[in-house]
> 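Dropping the structure in here first, questions after.
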Amino acid sequence: MLSTMVLKQKRGYILKKGDGPFNYEWNRRYMVLDGNMLLYYLAEDDKNTRGTVRLEQATVWPVQEMDERQCAFSIETKLPVTKTYYFCH
């Protein structure tokens, strides 16, 4: 389990796979890891989030290769519903 006392805020760009139904492409997103929340934005200067990933009870899995991309990983969440997000850099 992740502890908010251990994690410091981290920021940066990463590619997130669209989860449809109209977008299944890899999209560049600005991510902010803040405690047990991963927030993503279209760009660094955006004020409104495009989405959030709650990391309590989440599992991170390495993905060897996805869509011919290296260094991919997935985050499977449990709260509030089970959902899998895919990322790569």
Side-chain angles (χ1 to χ4, degrees):
M1 182 186 297
L2 298 173
S3 169
T4 57
M5 298 181 78
V6 174
L7 293 177
K8 296 180 181 178
Q9 192 178 73
K10 301 289 184 184
R11 302 167 173 265
Y13 282 96
I14 196 167
L15 296 177
K16 178 187 170 292
K17 182 130 174 119
D19 50 8
F22 302 106
N23 181 6
Y24 292 103
E25 300 295 319
W26 288 99
N27 303 290
R28 186 172 186 248
R29 296 289 182 248
Y30 186 74
M31 310 295 278
V32 176
L33 175 62
D34 191 5
N36 62 356
M37 296 293 291
L38 182 61
L39 302 99
Y40 54 96
Y41 303 81
L42 286 178
E44 184 175 358
D45 58 353
D46 279 351
K47 302 294 182 213
N48 299 316
T49 60
R50 291 285 292 179
T52 59
V53 180
R54 291 177 59 183
L55 299 174
E56 308 105 61
Q57 300 180 12
T59 304
V60 178
W61 300 99
V63 178
Q64 294 296 342
E65 187 177 315
M66 183 173 195
D67 299 339
E68 298 181 14
R69 296 184 182 270
Q70 302 289 323
C71 303
F73 64 97
S74 67
I75 299 176
E76 182 180 308
T77 63
K78 302 292 185 211
L79 299 171
V81 297
T82 298
K83 183 173 180 177
T84 302
Y85 300 85
Y86 294 94
F87 301 94
C88 72
H89 45 95

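These numbers come from the heavy atoms of this one structure, side chains and all, not from hydrogens, waters or symmetry mates.
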> Which heavy-atom pair separates Ser74 from Thr84 by the least distance, and what is that distance?
CB-CG2, 3.9 Å
> Going hydrophobic residue to hydrophobic residue with side-chain gaps under 4.5 angstrom, can you get from Tyr41 over to Met37?
yes
> Just say parallel, tilted or perpendicular for the rings of Tyr85 and Tyr40, cut-offs at 30° and 60°.
perpendicular
> May I ask you to test the Leu33-Leu55 pair for a side-chain heavy-atom distance under 4.5 Å?
yes
> If you define the side chain from C-beta out and look only at heavy atoms, does anything of Gln57 sit under 4.5 Å from Leu79?
yes
> Is it the case that one hydrophobic cluster holds both Leu39 and Tyr30, taking links as side-chain heavy atoms less than 4.5 Å apart, direct or via other members?
yes
> Are the side chains of Asp19 and Lys83 in contact, using a 4.5 Å heavy-atom criterion?
yes
> Nearest 0.5 Å, please: how far is CH2 in Trp26 from NZ in Lys16?
9.5 Å
> Can you hop from Val60 to Leu38 via hydrophobic side chains spaced under 4.5 Å?
yes
> Flag yes if Val32 and Tyr13 sit in one hydrophobic cluster, no otherwise; membership is Ile, Leu, Val, Met, Phe, Trp, Tyr, and two members link when side-chain heavy atoms are under 4.5 Å apart.
yes
> Please report the interatomic distance CD1(Ile14) to CZ(Arg29), rounded to the nearest 0.5 Å.
12.5 Å
> Examine Leu15 and Leu42 and state if one hydrophobic cluster contains both, with Ile, Leu, Val, Met, Phe, Trp and Tyr joined whenever side-chain heavy atoms are less than 4.5 Å apart.
no
> Mind listing the closest non-hydrogen atom pair of Ile75 and Ala58 along with its distance?
CG2-CB, 4.0 Å
> Just by modelled atom types, is the Glu25 backbone N or O under 3.5 Å from a matching donor or acceptor in the Asn23 side chain?
yes
